[in-house]
2 protein chains.
Amino acid sequence: MQETDPRPTITGQHRELLDQLLDKWSLHVLDQLCEHGALRFNELRRAIPAITQKSLTAALRRLERNGMVERIVVSDRPIAVEYRIAPVGQGLQDLIDALLLWTTAHLPEVERARERFDAVAG
Amino acid sequence: MQETDPRPTITGQHRELLDQLLDKWSLHVLDQLCEHGALRFNELRRAIPAITQKSLTAALRRLERNGMVERIVVSDRPIAVEYRIAPVGQGLQDLIDALLLWTTAHLPEVERARERFDAVAG
DNA sequence: CCGCATCCTGCACGATACTG
DNA sequence: CAGTATCGTGCAGGATGCGG
């Protein structure tokens with residue numbers, strides 16, 4: 001008989017959610033929001049220069065829909081909107097940090113592996 | 001003055017690597033290899049029914065190139081190949097497990113967030 | 001200031017057929 | 001058994017322009 005399995009096997013639900021959370025830009029957005037606490041739309045744009053406004057909108061909407069980010073209308077005329085990390089998003093951020101840390105630590109090793117592979121493959 | 005920053009800010013290198021490691025199928029492949037230790041090509045196909053053989057080949061090559069997976073030719077005629085997790089891949093697996101665990105734990109919460117969002121948005 | 005609508009392009013992935 | 005080759009396609013994401 002087996003106890004609580006520490007390794008849940010991946011399912012479609014996992015993939016779907018992770019796809020929405022680890023997509024090209026959500027990482028950057030979460031990263032920035034976590035670092036600065038709360039940011040306006042155009043502050044985010046400036047903080048992530050490479051992002052287009054369409055992609056930023058999409059990422060924010062997706063994150064908001066999944067409950068990771070809160071969208072707060074501060075005022076209108078001129079309209080001002082603030083985005084901040086929702087509580088559940090904090091936990092995710094820890095995981096993302098772990099991924100970033102791991103990546104940073106192992107990048108050199110990965111580089112060497114690539115060189116070895118490419119040398120053989122040509 | 002600030003000490004060693006525990007939150008490395010995301011860079012292009014991070015994204016590039018994570019893109020290759022967290023793509024649609026690599027997660028499944030790593031998952032299976034970690035669970036069974038070593039698997040043959042067609043064993044992997046059967047273990048991940050939804051994957052096409054082209055995608056499996058691509059995922060394996062990418063993981064191999066990045067040093068996450070080792071490809072071992074066991075015999076030829078008939079040719080037999082074994083794939084197994086490389087040491088550095090183990091650490092990654094721990095992170096992926098954490099992601100899966102987190103996802104599992106928070107899926108209900110995310111579901112509710114989505115329903116709330118969709119109710120408002122229509 | 002904060003977006004949405006539209007058009008366009010590349011690329012990931014699937015389907016299918018073939019080979020050592 | 002373990003792949004390669006080729007073709008077709010959906011969709012994420014860039015560029016650009018407009019609107020409350």
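Note that the structure is predicted; figures quoted are calculated from it, not measured. So that the names make sense, note that chain A is the first sequence line, chain B the second, and so on, each numbered from 1.
When the P atom of dG3(C) is taken as reference, atom CD1 of Ile51(A) falls 13 Å away, rounded to whole Å. Counting to the nearest Å, the P atom of dC1(C) and the CG atom of Leu60(A) are 16 Å from each other. Atom C1' of nucleotide dG20(C) and atom CZ of Phe41(B) are separated by 15 Å, given to the nearest angstrom. For the pair Glu43(A) CD and dC1(C) C1', the interatomic distance rounds to 12 Å; values are reported in whole Å. Distance, Asp19(B) CG to dC13(C) C1': 16 Å, rounded to whole Å. Protein atom CD1 of Ile79(A) is 6 Å distant from nucleotide atom C1' of dC2(C), rounded to whole Å.
In summary, Glu115(A) and Arg112(A) do not engage in a salt bridge, as defined by a charged side-chain N under 4.0 Å from a carboxylate O. A salt bridge links Arg61(A) to Glu64(A): at least one charged side-chain nitrogen sits closer than 4.0 Å to a carboxylate oxygen.
For the pair Thr103(B) (side chain) and Leu99(B) (backbone), a donor-acceptor distance under 3.5 Å is present. Checking side-chain atoms of His28(B) against main-chain N and O of Trp25(B) turns up no donor-acceptor pair under 3.5 Å. Under a 3.5 Å cut-off, the side chain of Asn66(B) and the backbone N or O of Arg62(B) do form a donor-acceptor pair. Between the Thr57(A) side chain and the Gln53(A) main chain, a donor and an acceptor come within less than 3.5 Å of each other.
Among the heavy atoms of the strands lying under 4.0 Å from Arg40(B) are primed sugar atoms or P, OP1, OP2 only; no base atom is included. Counting any heavy atom pair closer than 4.0 Å across all strands shown, Lys54(B) reaches a base atom.
At dG3(C), none of the side-chain N or O atoms of Arg45(A) fall inside 4.0 Å of OP1 or OP2 (strictly under the cut-off).
Minimum heavy-atom separation, Leu44(B) to Gln32(B): CD2-CB, 3.9 Å.
Judged by distance alone, the side chains of Gln93(B) and Asp97(B) do bring a donor and an acceptor atom under 3.5 Å apart.
With the nearest nucleotide of DNA chain C identified for both Asp23(B) and Asn42(A), Asn42(A) has the one nearer the 5' end. The residue among Ala50(A) and Pro78(B) whose nearest nucleotide of DNA chain D is located toward the 5' end is Pro78(B). Mapping Trp25(A) and Gln53(A) onto DNA chain D by nearest heavy atom places Trp25(A) at the nucleotide closer to the 5' end.
Looking at DNA chain D, the stems built from 3 or more consecutive Watson-Crick or G-U wobble pairs, each pair with its key distances under 3.5 Å, are C:1-20 with D:1-20.
Here the range on DNA chain D touched by chain B, meaning any atom under 4.0 Å from one of its heavy atoms, is dC1(D) to dC7(D).
Asp19(B) meets the salt bridge (charged side-chain N to carboxylate O under 4.0 Å, His left out) test with Arg15(B); sequence neighbours excluded.
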